[in-house]
Peer 1: 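Before we start, here is the structure in question, set down as structure tokens.
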Amino acid sequence: MSPAKPHIVTIQSHILQQQAKFPEATGDLSWILSAISISAKMIAAQVRRARLEDVLGNAGEHNVQGEQQQKLDVIANDILMRNLGGREGVAMVASEEDEKPVILRSENDGNAPRYCVMFDPLDGSSNLDICGSVGTIFSILRKDRRSSKIEDSLLQPGTRQVAAGYVMYGSSTVMVLTIGTGVDMFVLDPSIGAFIRVAENLQIPPRNKCYSLNEGNRLSLPEGYQRYLHWAQENGYSSRYVGAMVADVHRILLQGGVFMYPPTKKAPKGKLRLMYEANPMSMIVEQAGGKALAGPGERILDVPPTDIHQRTCVILGSRDEVDLVTAQL
Ligand code: AFP
């Protein structure tokens, strides 16, 4: 007799299964995650049709980071804002693309909305013109009832995230999610329009001789990183770099290795954003048994945020590989 096939679990049923583990749960978080999964499907559809719809290229504006916005950055941002805006549980949303967070509901009574959602709507969007992988990254925080100013709720360290995830729009559309109980992976089946769970409790291999960073910056990196690269090349490492954090981290999550964005002369504090990129990715990596540091002994999830758009250095991935980098710093 052939072995029984595993049950089919959609992201909706997965979220309900997880919710059932917390009897005190109100369902608000589940509704927020469902808004994100709907947004992911809508963004995936736009990404797939981008050249046909003529929505590639610059929107003619710069975002708050001073970077050229692509038309699809603006479209993806709008999709997330509109889907999350309809969820009663969301107090506030903050996007990498917008200077200020948007306060949706600010009541402070017992039924007050309890969550803040931060996201990078289309990470790696400069890859769009060449049909490369891009992604959406999100982080969910509980609203901090102690703070008098609602905006302060966003400035909580990554350890306080209640959920984090990313969607990669690559050869297939993949969603990776953690609500603090491990990391699960879903693939969008376009023929039925549903995300299907394909892996549970992912674990990053502790070692893999692979590093991922923009090696064009090599001469502008601090000496320790240059020493590491020299050591890695003498020791048979491979180099892999897509230039979209979602795609580079996804490879490391599945195959192991280390992803880095060190300080450079141009970006002495690092280029990646703490709240929209580094914190959610670090939560996923740690939940999968890996490590995520801003520098030696400096856990990203413990970095106290002072500004929603602040930048950080990043070294994350397989435990042993991260240690091999910091040993050279
Ligand atoms: P874009 O969204 O502007 O393409 O930036 C992508 C990103 O924030 C991150 O996804 C990459 O890891 C990193 O920048 C790539 O930066 P470099 O082009 O400097 O290597």
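Start at 1 and go down the list; that is how both ligands and their atoms are numbered.
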Peer 1: Is any N or O atom of D248, backbone or side chain, closer than 3.5 Å to an N or O atom of ligand 1?
Peer 2: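 Such a contact does not occur with ligand 1.
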Peer 1: Once ring pair (Phe, Tyr, Trp, His ring centres under 6.0 Å) is applied, do any residues pair with Y211, and if so which ones, sequence neighbours excluded?
Peer 2: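 Scan of Y211 (ring pair (Phe, Tyr, Trp, His ring centres under 6.0 Å), adjacent residues dropped) gives none.
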Peer 1: Could you name the option among P121, G132, S126 that has the heavy atom nearest to atom 4 (O) of ligand 1?
Peer 2: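 Nearest heavy atom to atom 4 (O) of ligand 1 lies in S126.
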Peer 1: Which of the numbered atoms in ligand 1 are below 4.0 angstrom from a heavy atom of G243?
Peer 2: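 So the atoms of ligand 1 that pass are 6 (C), 11 (C), 15 (C).
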Peer 1: What residues, two or more places apart in sequence or in another chain, satisfy ring pair (Phe, Tyr, Trp, His ring centres under 6.0 Å) together with F186?
Peer 2: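 Residues passing ring pair (Phe, Tyr, Trp, His ring centres under 6.0 Å) with F186: H14.
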Peer 1: Counting heavy atoms only, which of E96, M245, E277 comes nearest to atom 8 (O) of ligand 1?
Peer 2: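 Looking at heavy atoms only, the winner is E277.
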Peer 1: Please state which part of L272 comes within less than 4.0 Å of ligand 1, counting heavy atoms only: side chain, backbone, both or neither.
Peer 2: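 It is the side chain that touches ligand 1; the backbone stays farther off.
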Peer 1: Please answer whether the main-chain N or O of D28 pairs with a side-chain N or O of T26 as donor and acceptor at a distance below 3.5 Å.
Peer 2: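 Yes, T26 side chain to D28 backbone: donor-acceptor pair under 3.5 Å.
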Peer 1: Judged on heavy-atom distance to atom 6 (C) of ligand 1, which of S125, A244, A247, G124 sits nearest?
Peer 2: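 The option holding the nearest heavy atom is G124.
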Peer 1: Check each atom of ligand 1 against the heavy atoms of R273 and keep those under 4.0 Å away; list them by number with element.
Peer 2: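 Under 4.0 Å from R273, ligand 1 has these atoms: 8 (O).
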Peer 1: Check each atom of ligand 1 against the heavy atoms of N214 and keep those under 4.0 Å away; list them by number with element.
Peer 2: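 Ligand 1 atoms under the 4.0 Å threshold to N214: 17 (P), 19 (O), 20 (O).
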Peer 1: Should the pair Y237 and Y228 be assigned to parallel (<30°), tilted (30 to 60°) or perpendicular (>60°) ring geometry?
Peer 2: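 Perpendicular: the ring planes of Y237 and Y228 meet at over 60°.
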Peer 1: Do we see a donor-acceptor contact under 3.5 Å between the side chains of N279 and S139?
Peer 2: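 No, no side-chain donor-acceptor contact under 3.5 Å.
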Peer 1: Using distance alone, with no hydrogens and no angle criterion, decide if Q17 and R197 have a side-chain donor and acceptor under 3.5 Å apart.
Peer 2: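 Note: Q17 and R197 side chains meet the donor-acceptor criterion.
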